[in-house]
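We number each residue from 1, following the sequence as shown.
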Amino acid sequence: MAPSLRTYRLREVGVRDNMYYKFSGFTQKLAGSWASAAYSPQGLKPVASSEAPPIIFATPTKFASEADTYDYAGKNKVPELQKFFQKADGIPVHLKQGLPDQMLYRTTMALTLGGTIYCLIALYMASQPKNK
C-alpha cells in the first residue's frame, strides 16, 4: 500500500508520521503537541477520592409512617372567588372588592389624566419658537 500524499509530504519536510494534537485554551484551536500532552488533556483530571463528600445541610430522614401530613396549600378558595366575581350585580370586576379597588382605580385615572395634560402642555411649549 502506497503512503498517502500527506504522509509523503510530511516525510519530505522532516515531520514524524504520527502527529498529536491538543486543544489550546489560549488560541482556541488545535495545536500540535507531544503524545504525553495529547493523552492527558487539561480538562480531564484523575479522580481524587471515591467517597462522597459529607452533606452539610442534611435533614433527618423520616419513614413514611412517621411523616407528618401538612396541608401547605390550604383550602381551595378558587370556587368561592369565582362565584364572588361572577355575581351579576352591575359592578365591574376591577371594583368588586370595595374601597381598596376604588382607591387604586381613581389614583390610576388621576395619574393618567395628569400625564396626558402634562404631555399636551410640553408639546405646546415645544412647538412655540423662542423670541430673542
Side-chain angles (χ1 to χ4, degrees):
M1 176 174 191
S4 67
L5 182 61
R6 181 180 180 333
T7 307
Y8 183 71
R9 286 189 181 155
L10 289 175
R11 283 185 187 160
E12 285 179 356
V13 180
V15 179
R16 301 179 303 169
D17 286 337
N18 298 331
M19 189 71 178
Y20 297 97
Y21 298 96
K22 91 175 191 182
F23 183 74
S24 171
F26 182 71
T27 61
Q28 300 293 311
K29 295 180 180 178
L30 286 178
S33 71
W34 297 99
S36 60
Y39 284 123
S40 59
Q42 301 153 347
L44 301 177
K45 297 178 182 175
V47 177
S49 170
S50 62
E51 63 186 43
I55 299 174
I56 298 172
F57 299 106
T59 57
T61 306
K62 292 184 179 181
F63 295 109
S65 60
E66 297 175 1
D68 297 329
T69 56
Y70 294 110
D71 187 16
Y72 292 107
K75 183 182 174 192
N76 187 6
K77 298 178 184 177
V78 174
E80 296 170 9
L81 290 173
Q82 284 177 341
K83 288 177 188 174
F84 176 71
F85 283 108
Q86 292 175 357
K87 198 172 7 174
D89 53 4
I91 300 174
V93 173
H94 58 278
L95 297 175
K96 287 235 183 201
Q97 289 186 337
L99 186 63
D101 284 345
Q102 290 176 2
M103 295 297 291
L104 286 172
Y105 177 75
R106 290 178 182 162
T107 304
T108 304
M109 287 299 112
L111 289 171
T112 303
L113 289 173
T116 303
I117 292 169
Y118 178 76
C119 286
L120 291 173
I121 292 171
L123 283 172
Y124 175 76
M125 291 177 66
S127 67
Q128 299 299 317
K130 291 185 178 180
N131 293 333
K132 288 187 177 184

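- With sequence neighbours excluded, no residue satisfies ring-ring contact (aromatic ring centres under 6.0 Å, His included) with Phe84.
- By the side-chain contact (heavy atoms from CB on, under 4.5 Å) test, Ile91 pairs with Asp89, Leu95, Lys96, sequence neighbours left out.
- Judged as a side-chain contact (heavy atoms from CB on, under 4.5 Å), and not counting sequence neighbours, the contacts of Val93 are Phe85.
- Side-chain contact between Gln97 and Gln102 is absent, with no heavy-atom pair separated by less than 4.5 Å.
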Return all side-chain donor-acceptor pairs below 3.5 angstrom for residues 105-114, not counting sequence neighbours, or 'none' if the list is empty.
unit_1	atom_1	unit_2	atom_2	d
Thr107	OG1	Met103	O	2.7
Thr108	OG1	Leu104	O	2.8
Thr112	OG1	Thr108	O	2.7

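- The hydrophobic cluster around Leu123 extends to none of the other residues, as no ILVMFWY side-chain heavy atom falls under 4.5 Å of it.
- The side-chain hydrogen bond (donor to acceptor under 3.5 Å, both in side chains) search around Thr27 returns Ser24, not counting sequence neighbours.
- Judged as a side-chain contact (heavy atoms from CB on, under 4.5 Å), and not counting sequence neighbours, the contacts of Leu120 are Thr116.
- Take Gln128 and apply the side-chain hydrogen bond (donor to acceptor under 3.5 Å, both in side chains) test, not counting sequence neighbours, and it matches no residue.
- Separating the NZ atom in Lys77 from the CD atom in Gln82 is a distance of 14.5 Å, to the nearest 0.5 Å.
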